[in-house]
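All chains are named by letter (A, B, ...) in the order of the sequence lines, taking the proteins before the strands, and each is independently numbered beginning at 1.
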Amino acid sequence: MGSRDAVSLILVVYRLTIPDTQACCRTNCVSTTPYWKRLIQTSKFIIIALRIRHLFKGEFNREPGPPFNIAESGRIFMQTSVRGMCGRFVRTTPIDQLIELFAIHEVDCDLPPSYNVAPGQPVLAITGGPERRLRCFKWGLVPFWAKDASIGSRMINARAETLAEKPAFRQAFKKRRCVIPADGYYEWRKEEDGKTPAYFYSATEEPFAFAGLYELWQTPDGGVLQSCVIVTTEPNELARTAHHRMPVILREHEIDLWLDDRVQDETALKALLKAIPAEAMRCHDVSTRVNSPRNDTPECIEPVRKHEL
DNA sequence: CCAGACGTTGTT
DNA sequence: GTCTGG
DNA sequence: CCAGACGTTGTT
DNA sequence: GTCTGG
């Protein structure tokens with residue numbers, strides 16, 4: 001069975017839109033994701049297509065292609081969606097206060113405060129060099145070698161353990177580190193009856209300093225896209241109540257080293273990428289109002305009790 | 001050698 | 001751009 | 001992170 | 001289910 005057959009098969013499945021199955025069924029998957037390319041190369045897709053076909057019996061509106069071998073058997077590995085990391089945060093401290101708190105010398109952009117900063121949106125970040133500079137980046141790092149900016153929508157976090165090796169982050173880790181000011185972040189705790197958003201914030205008045213990386217990408221129209229990513233690490237005991245990753249939060253005395261682009265000492269830099277103590281944080285559950293990135297109001301961070309949701 | 005991926009977290 | 005896999 | 005869209009060919 | 005956009 002050739003690859004063209006594979007495409008037509010998946011296409012037919014897509015047209016039916018399948019309820020209650022966990023198999024992928026879109027043409028797009030065939031052509032774009034490594035996972036489906038691999039699957040097709042190993043012929044396992046036949047099994048998936050057969051399972052789906054079986055569910056729908058005679059309801060195909062089109063011939064699914066030439067006959068295939070049902071005797072070929074194997075387990076279906078079902079890919080689930082990517083969930084559960086630092087994917088939403090709050091930045092309500094106004095810029096003039098940030099300038100004070102972080103000793104910023106130069107301000108290159110202006111952004112209103114937000115109770116609901118989502119990936120893809122512009123965020124404020126401090127970069128180093130001789131003096132600290134406040135700049136604006138799109139959240140979702142586009143590596144400088146990318147052919148397409150869409151890769152950025154998936155590069156919202158970088159694992160502290162691996163960022164020194166990964167092609168997407170390696171160069172940025174060496175030369176383009178930044179600090180993202182944030183008053184807190186949200187995590188969705190998975191429970192039996194759904195997901196509950198929780199807000200994690202600083203025990204002091206001062207905002208967090210997330211460790212980040214940034215990158216410059218040449219856009220097709222000759223411009224430059226500036227984008228960034230938030231570094232994650234193993235969580236402390238408090239953060240662990242919601243997830244097994246949390247953003248790296250730098251203390252004031254660590255920021256200079258992180259921002260110094262002359263520093264290339266991987267060991268010294270990686271030593272900074274640890275969870276802050278649980279005692280430095282607070283958390284409480286919040287309303288699912290925060291789920292939609294369109295909602296950007298103080299209500300997003302207001303505490304709620306579970307039965308009030 | 002060239003082609004193709006390059007990431008995360010959460011499941012299986 | 002650089003590395004891995006075929 | 002969540003919300004919301006998701007493909008093709010050939011014909012109107 | 002998976003991808004893109006916010």
Side-chain angles (χ1 to χ4, degrees), chain A residues 7-8 10-39 41 48 51-52 61-62 74-90 114 116-123 138-163 165-172 174 185-190 194-200 213 215 217-218 229-235 242-247 286 288-296 300:
Chain A
V7 172
S8 67
I10 301 293
L11 238 181
V12 169
V13 171
Y14 168 76
R15 282 172 168 276
L16 293 172
T17 55
I18 297 135
D20 303 319
T21 64
Q22 295 180 28
C24 171
C25 41
R26 209 147 61 85
T27 323
N28 214 8
C29 301
V30 175
S31 58
T32 60
T33 73
Y35 170 72
W36 283 99
K37 281 182 180 167
R38 225 175 296 133
L39 205 60
Q41 279 157 13
I48 288 174
R51 287 278 182 90
I52 294 162
N61 59 1
R62 193 186 269 202
R75 284 168 53 77
I76 298 178
F77 178 84
M78 287 175 287
Q79 175 92 343
T80 55
S81 33
V82 174
R83 291 178 198 286
M85 44 186 167
C86 180
R88 211 73 79 78
F89 69 91
V90 172
S114 174
N116 202 344
V117 184
Q121 293 177 359
V123 301
K138 185 177 162 124
W139 183 12
L141 187 139
V142 181
F144 64 95
W145 42 256
K147 294 184 185 71
D148 185 327
S150 68
I151 190 172
S153 64
R154 298 183 299 284
M155 305 278 189
I156 63 168
N157 293 128
R159 290 174 60 85
E161 299 88 333
T162 56
L163 44 54
E165 297 114 54
K166 297 293 182 187
F169 304 134
R170 214 174 56 172
Q171 305 229 11
K174 279 194 181 145
Y185 68 95
Y186 300 104
E187 288 286 13
W188 278 257
R189 194 175 59 244
K190 226 200 276 190
K195 290 188 289 283
T196 305
Y199 180 52
F200 292 81
L213 307 174
E215 193 55 270
W217 184 74
Q218 197 74 48
V229 68
I230 293 171
V231 180
T232 64
T233 189
E234 284 278 307
H243 274 294
H244 67 105
R245 303 297 293 175
M246 70 175 283
V286 294
T288 52
R289 178 165 291 265
V290 76
N291 286 13
S292 174
R294 285 190 306 251
N295 297 327
D296 172 14
C300 289

Phosphate OP1/OP2 of [N]: any [X] side-chain N/O under 4.0 Å:
| X | N | result |
| --- | --- | --- |
| A:Arg154 | B:dT9 | no |
| A:Arg159 | B:dT9 | yes |
| A:Thr288 | D:dC2 | no |
| A:Ser153 | E:dG6 | no |
| A:Arg245 | B:dT9 | yes |

Original post:
Closest approach of A:Leu141 and A:Leu213, non-hydrogen atoms and distance?
Top reply: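 The answer is CD1-O, 3.9 Å.
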Specify the separation, in whole Å, of atom [atom1] of [X] and atom [atom2] of [N].
| X | N | atom1 | atom2 | value |
| --- | --- | --- | --- | --- |
| A:Met155 | E:dG6 | CE | P | 19 Å |
| A:Arg294 | D:dA3 | CZ | P | 9 Å |
| A:Asn157 | B:dG7 | CG | P | 14 Å |
| A:Glu165 | B:dA5 | CD | C1' | 17 Å |

Among [options], find the nucleotide with the atom closest to the side chain of [X].
| X | options | value |
| --- | --- | --- |
| A:Arg170 | C:dT2, C:dG1, B:dT8 | C:dT2 |
| A:Lys147 | E:dT4, B:dT8, B:dC6 | B:dC6 |
| A:Trp188 | D:dC2, E:dT4, B:dT8 | D:dC2 |

So what does [X] touch, heavy atoms closer than 4.0 Å: a base, only the sugar-phosphate, or nothing?
| X | value |
| --- | --- |
| A:Ala118 | base |
| A:Ile156 | base |
| A:Phe169 | sugar-phosphate |
| A:Pro119 | base |

Subject >> Centroid under 5.5 Å and tilt under 30°, A:Trp145 to C:dT2 >> reply: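 According to the criterion (under 5.5 Å, under 30°), no, A:Trp145 does not stack.
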Original post:
What is the base-pairing partner of C:dT4, counting Watson-Crick and G-U wobble geometry with both distances under 3.5 Å?
Top reply: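 In the structure as shown, C:dT4 has B:dA3 as its Watson-Crick or wobble partner.
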Original post:
Got a second to check how far A:Asn157's CG is from A:Cys86's SG, nearest 0.5 Å?
Top reply: 5.5 Å
**OP:** Hey, can you tell me if A:Tyr185 and A:Phe200 have their rings parallel, tilted or perpendicular (30° and 60° cut-offs)?
**Re:** parallel
Subject >> Residues in side-chain contact (heavy atoms from CB on, under 4.5 Å) contact with A:Lys166, at least two apart in sequence or another chain >> reply: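 For A:Lys166 the side-chain contact (heavy atoms from CB on, under 4.5 Å) partners, ignoring immediate neighbours, are A:Thr162, A:Phe169.
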